[in-house]
**Student:** 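I'd like to ask some things about the structure below.
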Amino acid sequence: MQIHLVVIDALNLIRRVHAAQPGEPDVNNTARVCCQALGKIIDSSKPTHIVAVFDHHGEDRGWRAELLPHYKEGRKPMPPELLTGMDKIQDAFMTIGIDSLLSDGDEADDLVATLALKVADRGQQVTIVSTDKGYCQLLRPTLRIRDYFQQRWLDSPFIEKEYGVKPEQLPDYWGLAGISSSKIPGIPGIGPKAAVELLSSYPNLEAVLAAEDLPAKWQKKIDGNRETAVASKQVASLKTDLQLGFNLQDIRYQS
(Lines give C-alpha, C1' and ligand atoms only; values in the text may rest on other atoms or scores of the structure.)
Protein backbone atom coordinates (compact mmCIF):
# COMPACT_ATOMS: atom_id res chain seq x y z
CA MET A 1 0.00 0.00 0.00
CA GLN A 2 1.06 3.61 -0.57
CA ILE A 3 1.90 5.25 2.76
CA HIS A 4 1.47 8.90 3.68
CA LEU A 5 2.89 9.56 7.13
CA VAL A 6 2.05 12.91 8.75
CA VAL A 7 4.31 13.88 11.67
CA ILE A 8 3.10 16.72 13.89
CA ASP A 9 5.73 18.80 15.71
CA ALA A 10 3.39 18.89 18.70
CA LEU A 11 4.79 21.68 20.88
CA ASN A 12 5.36 23.86 17.82
CA LEU A 13 1.60 23.67 17.20
CA ILE A 14 0.40 23.75 20.82
CA ARG A 15 2.51 26.68 22.03
CA ARG A 16 1.47 28.87 19.10
CA VAL A 17 -2.20 28.02 19.52
CA HIS A 18 -1.99 28.60 23.29
CA ALA A 19 -0.24 31.98 22.89
CA ALA A 20 -2.93 33.15 20.46
CA GLN A 21 -5.84 32.39 22.81
CA PRO A 22 -7.63 35.58 23.98
CA GLY A 23 -8.07 36.31 27.70
CA GLU A 24 -6.94 33.96 30.45
CA PRO A 25 -4.97 30.92 29.19
CA ASP A 26 -7.24 27.87 29.10
CA VAL A 27 -5.82 24.42 28.38
CA ASN A 28 -9.23 23.02 27.42
CA ASN A 29 -9.61 25.74 24.81
CA THR A 30 -6.07 25.18 23.56
CA ALA A 31 -6.79 21.44 23.19
CA ARG A 32 -10.03 22.19 21.30
CA VAL A 33 -8.38 24.64 18.86
CA CYS A 34 -5.42 22.28 18.32
CA CYS A 35 -7.84 19.45 17.49
CA GLN A 36 -9.65 21.72 15.02
CA ALA A 37 -6.30 22.50 13.35
CA LEU A 38 -5.38 18.81 13.27
CA GLY A 39 -8.77 17.99 11.74
CA LYS A 40 -8.02 20.42 8.90
CA ILE A 41 -4.53 18.92 8.46
CA ILE A 42 -6.02 15.42 8.26
CA ASP A 43 -8.72 16.52 5.77
CA SER A 44 -6.18 18.14 3.45
CA SER A 45 -3.35 15.59 3.72
CA LYS A 46 -5.33 12.33 3.99
CA PRO A 47 -2.69 10.44 6.03
CA THR A 48 -2.49 6.68 6.28
CA HIS A 49 -0.37 7.11 9.42
CA ILE A 50 -0.08 10.04 11.83
CA VAL A 51 1.70 10.83 15.10
CA ALA A 52 2.31 13.87 17.32
CA VAL A 53 5.89 14.07 18.63
CA PHE A 54 6.52 15.83 21.98
CA ASP A 55 9.67 17.05 23.70
CA HIS A 56 10.48 15.66 27.13
CA HIS A 57 10.43 18.05 30.11
CA GLY A 58 13.16 16.67 32.34
CA GLU A 59 16.20 18.52 33.64
CA ASP A 60 18.43 16.91 30.99
CA ARG A 61 19.03 19.58 28.33
CA GLY A 62 20.16 16.97 25.83
CA TRP A 63 23.29 16.26 23.81
CA ARG A 64 23.28 19.66 22.07
CA ALA A 65 23.84 21.53 25.36
CA GLU A 66 26.82 19.24 26.04
CA LEU A 67 28.42 20.47 22.80
CA LEU A 68 27.35 24.11 23.20
CA PRO A 69 26.61 24.88 26.87
CA HIS A 70 24.63 28.04 26.04
CA TYR A 71 22.38 26.26 23.50
CA LYS A 72 18.79 27.56 23.82
CA GLU A 73 19.73 29.19 27.12
CA GLY A 74 17.29 31.84 28.27
CA ARG A 75 14.40 30.61 26.12
CA LYS A 76 10.97 31.32 27.52
CA PRO A 77 9.86 28.30 29.58
CA MET A 78 6.59 26.60 28.83
CA PRO A 79 3.65 28.31 30.60
CA PRO A 80 2.96 26.31 33.80
CA GLU A 81 -0.72 25.72 32.97
CA LEU A 82 0.34 24.22 29.66
CA LEU A 83 2.93 21.99 31.31
CA THR A 84 0.41 20.58 33.80
CA GLY A 85 -2.26 20.27 31.09
CA MET A 86 -0.16 18.31 28.58
CA ASP A 87 -1.79 14.96 29.48
CA LYS A 88 -5.19 16.51 28.80
CA ILE A 89 -4.04 17.72 25.38
CA GLN A 90 -2.57 14.32 24.50
CA ASP A 91 -5.85 12.66 25.52
CA ALA A 92 -7.72 15.09 23.25
CA PHE A 93 -5.40 14.17 20.37
CA MET A 94 -6.11 10.49 21.01
CA THR A 95 -9.87 11.05 20.71
CA ILE A 96 -9.33 12.16 17.08
CA GLY A 97 -7.04 9.22 16.32
CA ILE A 98 -3.61 10.79 16.85
CA ASP A 99 -1.20 8.99 19.16
CA SER A 100 1.59 10.87 20.96
CA LEU A 101 5.28 10.00 20.89
CA LEU A 102 7.32 11.44 23.77
CA SER A 103 11.04 11.94 23.39
CA ASP A 104 13.19 10.60 26.19
CA GLY A 105 16.26 12.79 26.62
CA ASP A 106 16.53 13.46 22.89
CA GLU A 107 14.91 16.50 21.40
CA ALA A 108 11.70 15.91 19.50
CA ASP A 109 13.47 17.22 16.38
CA ASP A 110 15.70 14.14 16.24
CA LEU A 111 12.77 11.77 16.78
CA VAL A 112 10.82 13.48 14.00
CA ALA A 113 13.86 13.35 11.69
CA THR A 114 14.56 9.66 12.39
CA LEU A 115 10.96 8.60 11.85
CA ALA A 116 10.45 10.79 8.78
CA LEU A 117 13.58 9.60 6.97
CA LYS A 118 12.93 5.96 7.81
CA VAL A 119 9.70 6.19 5.81
CA ALA A 120 10.74 8.74 3.14
CA ASP A 121 13.90 6.81 2.21
CA ARG A 122 11.72 3.80 1.38
CA GLY A 123 9.99 5.88 -1.28
CA GLN A 124 6.89 6.59 0.79
CA GLN A 125 5.42 10.08 1.34
CA VAL A 126 6.05 12.02 4.56
CA THR A 127 4.71 15.42 5.61
CA ILE A 128 6.17 17.14 8.69
CA VAL A 129 3.85 19.82 10.08
CA SER A 130 5.98 22.53 11.70
CA THR A 131 7.10 26.14 11.34
CA ASP A 132 10.66 25.05 12.24
CA LYS A 133 12.94 25.60 9.24
CA GLY A 134 15.52 23.27 10.78
CA TYR A 135 13.56 20.36 9.30
CA CYS A 136 14.21 21.69 5.79
CA GLN A 137 17.65 20.03 5.75
CA LEU A 138 15.68 16.77 5.35
CA LEU A 139 13.82 17.85 2.19
CA ARG A 140 13.62 15.34 -0.65
CA PRO A 141 11.00 14.33 -3.24
CA THR A 142 9.26 12.06 -0.70
CA LEU A 143 9.53 14.42 2.29
CA ARG A 144 7.94 17.85 2.62
CA ILE A 145 7.38 20.37 5.40
CA ARG A 146 4.11 22.24 5.93
CA ASP A 147 3.82 25.51 7.84
CA TYR A 148 0.20 25.26 9.01
CA PHE A 149 0.02 28.82 10.35
CA GLN A 150 1.31 30.53 7.19
CA GLN A 151 -0.38 27.93 4.97
CA ARG A 152 2.77 27.39 2.92
CA TRP A 153 5.25 24.67 1.98
CA LEU A 154 8.78 25.11 3.29
CA ASP A 155 10.27 23.66 0.10
CA SER A 156 13.58 24.01 -1.79
CA PRO A 157 12.61 27.23 -3.63
CA PHE A 158 11.53 28.74 -0.28
CA ILE A 159 14.86 27.84 1.37
CA GLU A 160 16.95 29.07 -1.55
CA LYS A 161 15.04 32.37 -1.53
CA GLU A 162 15.14 32.71 2.29
CA TYR A 163 18.76 31.64 2.89
CA GLY A 164 20.52 31.54 -0.48
CA VAL A 165 21.69 27.92 -0.05
CA LYS A 166 20.39 24.45 -0.87
CA PRO A 167 18.35 22.69 1.85
CA GLU A 168 21.12 20.13 2.45
CA GLN A 169 23.58 23.01 3.08
CA LEU A 170 21.54 24.48 5.95
CA PRO A 171 23.65 22.89 8.74
CA ASP A 172 26.79 24.21 6.98
CA TYR A 173 25.20 27.66 6.70
CA TRP A 174 24.31 27.66 10.41
CA GLY A 175 27.78 26.32 11.27
CA LEU A 176 29.17 29.50 9.67
CA ALA A 177 26.51 32.12 10.44
CA GLY A 178 25.05 30.63 13.63
CA ILE A 179 21.47 30.94 14.91
CA SER A 180 21.22 33.77 17.44
CA SER A 181 17.76 32.72 18.75
CA SER A 182 19.12 29.29 19.73
CA LYS A 183 22.51 30.61 20.95
CA ILE A 184 24.36 28.71 18.22
CA PRO A 185 27.43 30.92 17.67
CA GLY A 186 28.82 29.91 14.28
CA ILE A 187 31.95 31.92 13.44
CA PRO A 188 31.99 35.44 14.91
CA GLY A 189 32.13 38.02 12.12
CA ILE A 190 30.65 35.70 9.48
CA GLY A 191 27.03 36.59 8.86
CA PRO A 192 24.41 35.31 6.41
CA LYS A 193 25.88 37.06 3.32
CA ALA A 194 29.38 35.77 3.96
CA ALA A 195 28.06 32.24 4.66
CA VAL A 196 26.20 32.24 1.33
CA GLU A 197 29.29 33.53 -0.48
CA LEU A 198 31.48 30.81 1.04
CA LEU A 199 28.96 28.02 0.36
CA SER A 200 28.61 29.10 -3.26
CA SER A 201 32.36 28.43 -3.65
CA TYR A 202 32.68 25.38 -1.38
CA PRO A 203 30.16 22.53 -0.98
CA ASN A 204 30.13 22.40 2.83
CA LEU A 205 31.64 23.70 6.08
CA GLU A 206 34.41 21.08 6.08
CA ALA A 207 35.56 22.22 2.64
CA VAL A 208 35.56 25.86 3.79
CA LEU A 209 37.66 25.00 6.86
CA ALA A 210 40.10 22.93 4.77
CA ALA A 211 40.49 25.52 1.97
CA GLU A 212 44.00 26.92 1.50
CA ASP A 213 42.96 29.64 -0.94
CA LEU A 214 40.50 31.56 1.23
CA PRO A 215 40.73 35.35 1.12
CA ALA A 216 42.56 36.69 4.20
CA LYS A 217 39.41 38.45 5.47
CA TRP A 218 37.68 35.05 5.94
CA GLN A 219 40.76 33.13 7.02
CA LYS A 220 41.36 35.56 9.89
CA LYS A 221 37.82 35.01 11.22
CA ILE A 222 37.97 31.21 10.84
CA ASP A 223 41.33 30.79 12.58
CA GLY A 224 40.68 30.12 16.25
CA ASN A 225 36.97 29.36 15.66
CA ARG A 226 37.14 26.03 13.85
CA GLU A 227 35.93 23.92 16.77
CA THR A 228 33.05 26.29 17.42
CA ALA A 229 32.03 26.13 13.77
CA VAL A 230 32.10 22.32 13.73
CA ALA A 231 30.11 22.16 17.00
CA SER A 232 27.60 24.71 15.62
CA LYS A 233 27.04 22.59 12.51
CA GLN A 234 26.67 19.45 14.61
CA VAL A 235 24.09 21.09 16.89
CA ALA A 236 22.17 22.46 13.88
CA SER A 237 22.12 18.99 12.25
CA LEU A 238 19.35 16.53 12.98
CA LYS A 239 20.10 13.04 14.25
CA THR A 240 18.42 10.42 12.09
CA ASP A 241 19.56 7.20 13.77
CA LEU A 242 17.58 7.04 17.04
CA GLN A 243 16.03 3.78 18.21
CA LEU A 244 12.28 4.27 17.79
CA GLY A 245 10.91 1.26 19.67
CA PHE A 246 7.66 1.01 17.67
CA ASN A 247 6.55 0.27 14.13
CA LEU A 248 4.33 2.03 11.61
CA GLN A 249 1.38 -0.20 12.39
CA ASP A 250 1.22 1.42 15.84
CA ILE A 251 0.48 4.86 14.38
CA ARG A 252 -1.91 3.87 11.59
CA TYR A 253 -4.66 6.46 11.21
CA GLN A 254 -8.21 5.19 11.51
CA SER A 255 -10.88 7.85 11.07
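Just so you know, these numbers come straight off a predicted model, no measurement behind them.
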**Student:** Distance check, rounded to the nearest 0.5 Å: Ile8 atom CD1 versus Leu13 atom CG?
**Tutor:** 7.0 Å
**Student:** Are Ile96 and Met94 in one and the same hydrophobic cluster, where Ile, Leu, Val, Met, Phe, Trp and Tyr link if side-chain heavy atoms are under 4.5 Å apart?
**Tutor:** no
**Student:** Would you say CD of Glu227 has more than 12 non-hydrogen atoms from neighbouring residues, nucleotides or ligands within 6.0 angstrom?
**Tutor:** no
**Student:** Under the 3.5 angstrom rule, does the side chain of Gln169 hit a backbone N or O of Leu199 as a donor-acceptor pair?
**Tutor:**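 Such a contact is found between Gln169 side chain and Leu199 backbone.
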**Student:** Using the rule given for side chain to side chain contact (heavy atoms under 4.5 Å, CB included), can you reason through Leu198 versus Leu214, listing the C-alpha separation, both sets of side-chain angles and the distance that settles it, and then say yes or no?
**Tutor:** CA-CA 9 Å; Leu198 287 165; Leu214 276 183; 3.7 Å; yes
**Student:** What residues, two or more places apart in sequence or in another chain, satisfy side chain to side chain contact (heavy atoms under 4.5 Å, CB included) together with Arg226?
**Tutor:** Leu209, Gln219, Ile222, Asp223
**Student:** Could you list the donor-acceptor pairs under 3.5 angstrom formed between side-chain atoms of residues 174-196 and any protein atom two or more places apart in sequence or on another chain?
**Tutor:**
| residue | atom | partner | partner atom | Å |
| --- | --- | --- | --- | --- |
| Ser182 | OG | Arg75 | NH2 | 3.1 |
| Lys183 | NZ | Glu73 | O | 3.1 |

**Student:** Are the side chain of His49 and the backbone of His4 linked by a donor-acceptor contact shorter than 3.5 Å?
**Tutor:**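 No: the side chain of His49 does not pair with the backbone of His4.
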**Student:** If I compare all heavy atoms of Thr84 with all of Glu81, which pair ends up nearest, and what's the gap?
**Tutor:**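 Smallest heavy-atom distance, with atoms named: OG1-O, 3.2 Å.
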**Student:** Between Asp110 and Arg64, does at least one N-O distance fall below 4.0 Å, as a salt bridge requires?
**Tutor:**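 Salt bridge flag = yes for Arg64 with Asp110.
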**Student:** Can you list everything that forms a ring-ring contact (aromatic ring centres under 6.0 Å, His included) with Tyr135? Sequence neighbours excluded, please.
**Tutor:** none
**Student:** So do Leu101 and Leu111 actually touch side chain to side chain, heavy atoms under 4.5 Å?
**Tutor:** yes
**Student:** State, to 0.1 Å, how close Ala231 and Leu68 come at their nearest heavy-atom pair, and which atoms those are.
**Tutor:**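 In terms of heavy atoms, the two residues are closest at CB-CD2, 4.0 Å.
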**Student:** Output yes when Asp109 and Lys239 qualify as a salt bridge under the 4.0 Å nitrogen-oxygen rule, no when they do not.
**Tutor:**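 Not counted as a salt bridge, because no side-chain N and carboxylate O are separated by less than 4.0 Å.
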**Student:** If you take all heavy atoms of Gly134 and Asp132, which pair is closest and at what distance?
**Tutor:**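 What the structure gives for the nearest pair is N-OD1, 2.8 Å.
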**Student:** Is there a chain of hydrophobic side chains (I, L, V, M, F, W, Y, each step under 4.5 Å between heavy atoms) that links Val51 to Leu244?
**Tutor:** yes
**Student:** Do Glu66 and Tyr71 come within less than 4.5 Å of each other through their side chains, counting heavy atoms only?
**Tutor:**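 Not touching, per the 4.5 Å side-chain cut-off.
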**Student:** Calculate, to the nearest 0.5 Å, the distance between atoms CG and CZ belonging to Leu11 and Arg15 respectively.
**Tutor:** 7.0 Å
**Student:** Given the rule in the side chain to side chain contact (heavy atoms under 4.5 Å, CB included) test, do Val53 and Val7 qualify, once you have shown the distances and angles that lead to the verdict?
**Tutor:** CA-CA 7 Å; Val53 180; Val7 186; 3.8 Å; yes
**Student:** Atom CG in Asp26, atom CZ in Arg32: separation rounded to 0.5 Å?
**Tutor:**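 So the CG of Asp26 and the CZ of Arg32 are separated by 9.0 Å.
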**Student:** Side chain of Thr95, backbone of Ala92: donor and acceptor closer than 3.5 Å?
**Tutor:**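 The answer is yes, because a donor-acceptor pair under 3.5 Å joins these two groups.
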**Student:** Distance-only, no hydrogens or angles: does the Asp55 side chain make a donor-acceptor pair with backbone N or O of Glu107 under 3.5 Å?
**Tutor:**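 The answer is no, because no donor-acceptor pair under 3.5 Å joins these two groups.
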**Student:** Looking only at heavy atoms, which two atoms of Val126 and Ala116 are closest? And how far apart?
**Tutor:** CG2-O, 3.5 Å
**Student:** Test your reading of the model: is there a side-chain donor-acceptor pair from Gln234 to the backbone of Ala229, 3.5 Å cut-off?
**Tutor:** no
**Student:** Taking the side chain as everything from C-beta on, heavy atoms only, tell me whether Leu5 gets closer than 4.5 Å to Thr48.
**Tutor:**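 No - every pair of side-chain heavy atoms lies 4.5 Å or more apart.
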**Student:** Are any non-hydrogen side-chain atoms of Thr127 and Trp153 less than 4.5 angstrom apart?
**Tutor:** yes
**Student:** Which heavy atom in Pro47 sits nearest to a heavy atom in Ile42, and how many Å separate them?
**Tutor:** CD-O, 3.6 Å
**Student:** Can you tell me how far apart CG (Leu154) and OG (Ser130) are? Round to the nearest 0.5 Å.
**Tutor:**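 OG of Ser130 is found 8.0 Å from CG of Leu154.
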**Student:** I'd like to know if the side chain of Arg140 reaches the main chain of Leu138, judged simply by a donor and an acceptor atom lying under 3.5 Å from each other, with no hydrogens or angles considered.
**Tutor:** yes
**Student:** Name each donor-acceptor pair under 3.5 Å that joins a side chain in residues 246-255 to protein atoms two or more places apart or in another chain, with its distance.
**Tutor:**
| residue | atom | partner | partner atom | Å |
| --- | --- | --- | --- | --- |
| Asn247 | OD1 | Gln249 | N | 3.1 |
| Asn247 | OD1 | Asp250 | N | 3.4 |
| Asp250 | OD2 | Asn247 | N | 3.1 |

**Student:** Among Arg146, Arg152, Gln150, Arg16, which one satisfies side-chain hydrogen bond (donor to acceptor under 3.5 Å, both in side chains) with Thr131?
**Tutor:**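 Of Arg146, Arg152, Gln150, Arg16, side-chain hydrogen bond (donor to acceptor under 3.5 Å, both in side chains) with Thr131 is met by Arg16 alone.
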**Student:** Between Thr142 (side chain only) and Ala120 (backbone N and O only), is there a donor and an acceptor less than 3.5 Å apart?
**Tutor:**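 Present.
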**Student:** For Gln137 and Glu168, indicate whether the former's side chain and the latter's backbone hold a donor-acceptor pair under 3.5 Å.
**Tutor:** no
**Student:** May I ask you to check whether Gln125 and Gln2 show a side-chain donor-acceptor distance below 3.5 Å?
**Tutor:** no
**Student:** Taking CD in Glu24 as the centre, count heavy atoms belonging to other residues, nucleotides or ligands within less than 6.0 Å. Is the count above 12?
**Tutor:**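 Counting neighbours around CD of Glu24, 12 or fewer heavy atoms of other residues, nucleotides or ligands fall under 6.0 Å, so no.
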**Student:** Please list, chain by chain and in numerical order, all residues satisfying side-chain hydrogen bond (donor to acceptor under 3.5 Å, both in side chains) with Glu197, sequence neighbours excluded.
**Tutor:**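 Result, side-chain hydrogen bond (donor to acceptor under 3.5 Å, both in side chains) vs Glu197: none returned.
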**Student:** Any donor-acceptor pair under 3.5 Å linking the side chain of Asn225 with the backbone of Thr228?
**Tutor:** no
**Student:** When rounded to the nearest 0.5 angstrom, what distance separates CG in Leu143 from CD1 in Ile145?
**Tutor:**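 Interatomic distance, Leu143 CG to Ile145 CD1, rounded to 0.5 Å: 5.5 Å.
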**Student:** May I have the step-by-step check of side chain to side chain contact (heavy atoms under 4.5 Å, CB included) for Leu170 and Val165, ending in yes or no?
**Tutor:** CA-CA 7 Å; Leu170 281 171; Val165 297; 4.1 Å; yes
**Student:** Less than 4.0 angstrom from a charged side-chain N to a carboxylate O is my criterion; do Asp172 and Lys233 meet it?
**Tutor:** yes
**Student:** Name all residues meeting the ring-ring contact (aromatic ring centres under 6.0 Å, His included) criterion together with Phe93; count only those two or more places apart in sequence or in a different chain, and write none if there are none.
**Tutor:**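 Testing Phe93 for ring-ring contact (aromatic ring centres under 6.0 Å, His included), a comparison that skips the adjacent residues, returns none.
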**Student:** In Å and rounded to the nearest 0.5 Å, what is the CD1 to CD1 distance from Ile14 to Ile89?
**Tutor:**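 Here the rounded value is 4.5 Å.
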**Student:** Of all the heavy-atom pairs spanning Ala211 and Tyr202, show the shortest one and how long it is.
**Tutor:** CB-CE2, 3.5 Å
**Student:** Checking Gln21 side chain against Val17 main chain: does a donor-acceptor pair fall under 3.5 Å?
**Tutor:** yes
